[in-house]
Colleague: 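Please find one structure pasted underneath; my questions will follow.
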Amino acid sequence: MELTKTTKKERSPLTWVPSLYFAQGLPFFAVALVAGQMFKSMGVANDDIAHWTAAIMSAWIFKPLWSPFLELASSKKIIVVSFQLIGGVCLGLVAVALHMPFWFAACVVMLTLVAVSSATHDVACDGLYISSLTQKEQAAYAGWTGTFFNAGRFISAGGLLLLAGYFEKTMGVASAWTIVFCILAAMMITLGLYNGWALPLAKNPASADITAQAIARTLKEVIIDFFKKPGIWVSVLFIILFRAGEAQVQTIGPLFLREARELGGLGLSTTEVGAVYGTAGTVAFVIGSIAGGYFTSWLGLKRAILALILAVNLPNLVFYFLATARPTDLTLIGAALSVEMFGYGFGFVGLILYMMQVVAPGKYQTAHYAFATGIMQLGFSLFKWVSGDIQIALGYQNFFLWVLAAAVPVAILSQIIPMSASERQQAELAAAKPSTAL
């Protein structure tokens, strides 16, 4: 029996699914994309940008550890709306921090609070979606979730970078990014207020077992069970290595576009980066994601996985081309980046399906998928952390060759490890009841 179904009294999911997932994507891309561009404009070195943005994004690594305790709230809606509003306030405080004498440290602190609130929101957001819709409705509106999550990328890396570039020229760098983060704050607070009206309540179940102590005991059991899965350490290694090249390119690539030409970059303005990355690049990413899903559904994960890994990594050749040829034609640059973003979207499906179909199945499927996504983010953050140091040591051209080489270990590993859940996991999944997953 499904946990909760929509009723005639409830609003159509079309009134809240788009706003819910737009509010999930907006702060994520504010931290993952906008913050790096802001720091670049403010003159921060590449290695420092990589170090600090990787540290900030570690919130998404550890969210599974506190996510079960969100069941103590009376409803998922309260958590979702609260953290949308908190995230909006913290984004506004980034704008304030830019004008302090110790602006860099203050911005890092505020962005960390944005990341923690956003990561916490993500858990309740997905839980609200699952518990408020039937399985048929979940499938029907799944496309809306991805579309509006990536709308956050489009707004952040496109419209807001274009706006920042314009105001950098007319008002100065600090004022330009103050406006950008004030807009982000206003958008999040508006979304929080709207979702306070639109979202279904999604009550958490009332039970004597739902106490902090009981949840802590279950969490311990979930962690132990996760690391008892057959071949789990090989799976962990595969998940971490999958994002080795992508994490480094997604960190250094946008900074390379902004770097002065005499220092080996393309010398693009903030506005030009927004034009090529946030518009055509985002559209290519979305199309690639959809195509990758159909491709994998057609071939199956085992047969498709090598092609998916190559799709994520081989298009990074365009960055080596850009670093070598140093073109000035914005159309050519945009076309090259669209190829890279299409491949990124196409191949990333492979990692998501590997976690869903190989790692997560078992007694605690939902919780174990959350842990797998945490490990995925760990891999991203680790390689993001070192990317700036490697780029400074190698220079841009050799760095992009190194990124291509980083794909070799995971490509080899994909051909020698299982691409389906073990018999034990399948048996546990068949025997498990919905209530056993955190």
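As the structure is a computational prediction, the values presented were derived from the model and not from experiment. Note: hydrogens, waters and symmetry copies are ignored here, and every other heavy atom, side chains too, is used.
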Colleague: Please report the shortest heavy-atom distance between S156 and A30, naming the atom on each side.
Modeller: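 Nearest pair, atom of S156 first, then A30: OG-N, 4.1 Å.
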Colleague: What are the two closest heavy atoms between G343 and P315, and how far apart are they?
Modeller: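 Result for this residue pair: CA-CG, 3.9 Å.
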Colleague: Please, which pairs that meet ring-ring contact (aromatic ring centres under 6.0 Å, His included) have at least one residue in residues 216-252, sequence neighbours excluded?
Modeller: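 Sorted pair list: F226-H368, F226-F371, F227-W233, F238-F242, F238-Y354.
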Colleague: Atom NZ of K76 and atom CD1 of I78: how far apart are they, to the nearest 0.5 Å?
Modeller: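 Those atoms lie 11.5 Å apart.
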Colleague: Within the structure provided, determine whether S235 and I417 are in side-chain contact (heavy-atom separation under 4.5 Å).
Modeller: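 Not touching, per the 4.5 Å side-chain cut-off.
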Colleague: Could you walk me through whether F22 and I155 pass the side-chain contact (heavy atoms from CB on, under 4.5 Å) check?
Modeller: CA-CA 10 Å; F22 184 48; I155 294 295; 4.0 Å; yes
Colleague: Provide the full list of side chain to side chain donor-acceptor pair (under 3.5 Å) pairs with a residue in residues 311-326, sequence neighbours left out, each pair given once.
Modeller: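 Listed by first then second residue: nothing to list.
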Colleague: What closest approach, in Å, do Q37 and P254 show between heavy atoms, and which atom pair accounts for it?
Modeller: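 In this case the closest contact between Q37 and P254 is NE2-CB, 3.2 Å.
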Colleague: Could you check if a side-chain atom of Q250 sits within less than 4.5 angstrom of a side-chain atom of M341, using non-hydrogen atoms only?
Modeller: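 Yes; the side chains approach each other to less than 4.5 Å.
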Colleague: Mind listing the closest non-hydrogen atom pair of M355 and I239 along with its distance?
Modeller: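 Closest pair (atom of M355, atom of I239, distance): CG-CD1, 4.0 Å.
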Colleague: Between Q377 and R243, is the side-chain contact (heavy atoms from CB on, under 4.5 Å) condition met? List the steps.
Modeller: CA-CA 9 Å; Q377 188 60 39; R243 304 196 73 178; 4.0 Å; yes
Colleague: State the CE-CD1 distance between M38 and I49, to the nearest 0.5 angstrom.
Modeller: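 Here the rounded value is 9.5 Å.
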Colleague: State, yes or no, whether a side-chain contact exists between L257 and L337 at a heavy-atom distance under 4.5 Å.
Modeller: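 Touching, per the 4.5 Å side-chain cut-off.
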Colleague: Between K77 and G196, is there a donor-acceptor pair closer than 3.5 Å when you use the side chain of the first and the backbone of the second?
Modeller: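 Yes; at least one donor-acceptor contact below 3.5 Å.
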Colleague: Between S58 (side chain only) and I61 (backbone N and O only), is there a donor and an acceptor less than 3.5 Å apart?
Modeller: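 Side chain of S58 to backbone of I61, a donor-acceptor pair under 3.5 Å: no, none is there.
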Colleague: For a 4.5 angstrom cut-off between non-hydrogen side-chain atoms, does W385 reach L382?
Modeller: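 Answer no - side chains too far apart.
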Colleague: With the side chain counted from C-beta on, respond yes when L85 and V89 share a heavy-atom pair under 4.5 Å apart, and no when they do not.
Modeller: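 L85 does not reach V89 side chain to side chain.
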Colleague: About how many Å separate CG of L266 and CD1 of I333, when rounded to the nearest 0.5 Å?
Modeller: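 That separation rounds to 5.0 Å.
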Colleague: Under a 4.5 Å cut-off applied to non-hydrogen side-chain atoms, are D122 and F83 in contact?
Modeller: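 No. Closest side-chain heavy atoms not under 4.5 Å.
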Colleague: Might you work through the side-chain contact (heavy atoms from CB on, under 4.5 Å) test for I309 and L351, ending with a clear yes or no?
Modeller: CA-CA 9 Å; I309 291 171; L351 182 55; over 6 Å; no
Colleague: Write down the atom of A198, the atom of T15, and the distance for their closest heavy-atom approach.
Modeller: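 Heavy-atom minimum between the residues: CB-O, 3.8 Å.
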Colleague: In terms of relative ring orientation, are F28 and F149 parallel, tilted or perpendicular, with 30° and 60° separating the classes?
Modeller: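 Tilted.
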Colleague: To the nearest 0.5 Å, how far apart are CZ in R258 and OG in S41?
Modeller: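 One gets 3.5 Å once the value is rounded to the nearest 0.5 Å.
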Colleague: Hey, does I232 have a side-chain heavy atom less than 4.5 Å from the side chain of V359?
Modeller: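 Yes; the side chains approach each other to less than 4.5 Å.
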Colleague: Taking ring-ring contact (aromatic ring centres under 6.0 Å, His included) as the cut-off, I'd like each qualifying pair that reaches into residues 281-307, sequence neighbours left out, listed once.
Modeller: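 Sorted result for residues 281-307: F285-Y344, F295-F346.
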Colleague: Could you pull out all donor-acceptor pairs under 3.5 Å where a side-chain atom in residues 110-121 meets a protein atom, sequence neighbours excluded?
Modeller:
| residue | atom | partner | partner atom | Å |
| --- | --- | --- | --- | --- |
| T112 | OG1 | V108 | O | 2.7 |
| S117 | OG | L113 | O | 3.1 |
| S117 | OG | V114 | O | 2.9 |
| T120 | OG1 | W66 | NE1 | 3.0 |
| T120 | OG1 | V116 | O | 2.8 |
| H121 | NE2 | Q84 | NE2 | 3.0 |

Colleague: Which atom names give the shortest non-hydrogen contact between A336 and V318, and what distance separates them?
Modeller: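 Where A336 meets V318 most closely, the heavy atoms are O-CG2, 3.5 Å.
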Colleague: List the steps, then state whether side-chain contact (heavy atoms from CB on, under 4.5 Å) holds for T271 with L161.
Modeller: CA-CA 6 Å; T271 302; L161 287 192; over 6 Å; no
Colleague: Are the ring centres of F256 and F399 closer than 6.0 Å?
Modeller: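 No, ring centres 6.0 Å or more apart.
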Colleague: With a 4.5 Å cut-off on side-chain heavy atoms, are F400 and L317 touching?
Modeller: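 A side-chain contact under 4.5 Å is absent here.
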Colleague: Quick check on the 6.0 Å ring-centre criterion: do F39 and F104 meet it?
Modeller: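 So the answer is yes for these two rings.
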Colleague: Between CG of L394 and CD1 of I390, what distance do you get to the nearest 0.5 Å?
Modeller: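 It is 7.0 Å, given to the nearest 0.5 Å.
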Colleague: Give a yes or no answer on whether the side chain of K384 reaches the backbone of A54 with a donor-acceptor pair at less than 3.5 Å.
Modeller: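 No; zero donor-acceptor contacts below 3.5 Å.
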Colleague: To the nearest 0.5 angstrom, please state how far the CG atom of L353 sits from the OG atom of S297.
Modeller: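 Rounded to the nearest 0.5 Å, the CG-OG separation comes to 9.0 Å.
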Colleague: Applying ring-ring contact (aromatic ring centres under 6.0 Å, His included), can you list everything that pairs with F380, at least two apart in sequence or on another chain?
Modeller: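 Counting only residues at least two positions away or on another chain, F380 forms no ring-ring contact (aromatic ring centres under 6.0 Å, His included).
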Colleague: Can you pull the side chain to side chain donor-acceptor pair (under 3.5 Å) pairs that have at least one residue in residues 391-416, sequence neighbours excluded?
Modeller: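 Sorted result for residues 391-416: N46-Q391, N46-Y396, Q248-W402, E259-Y396.
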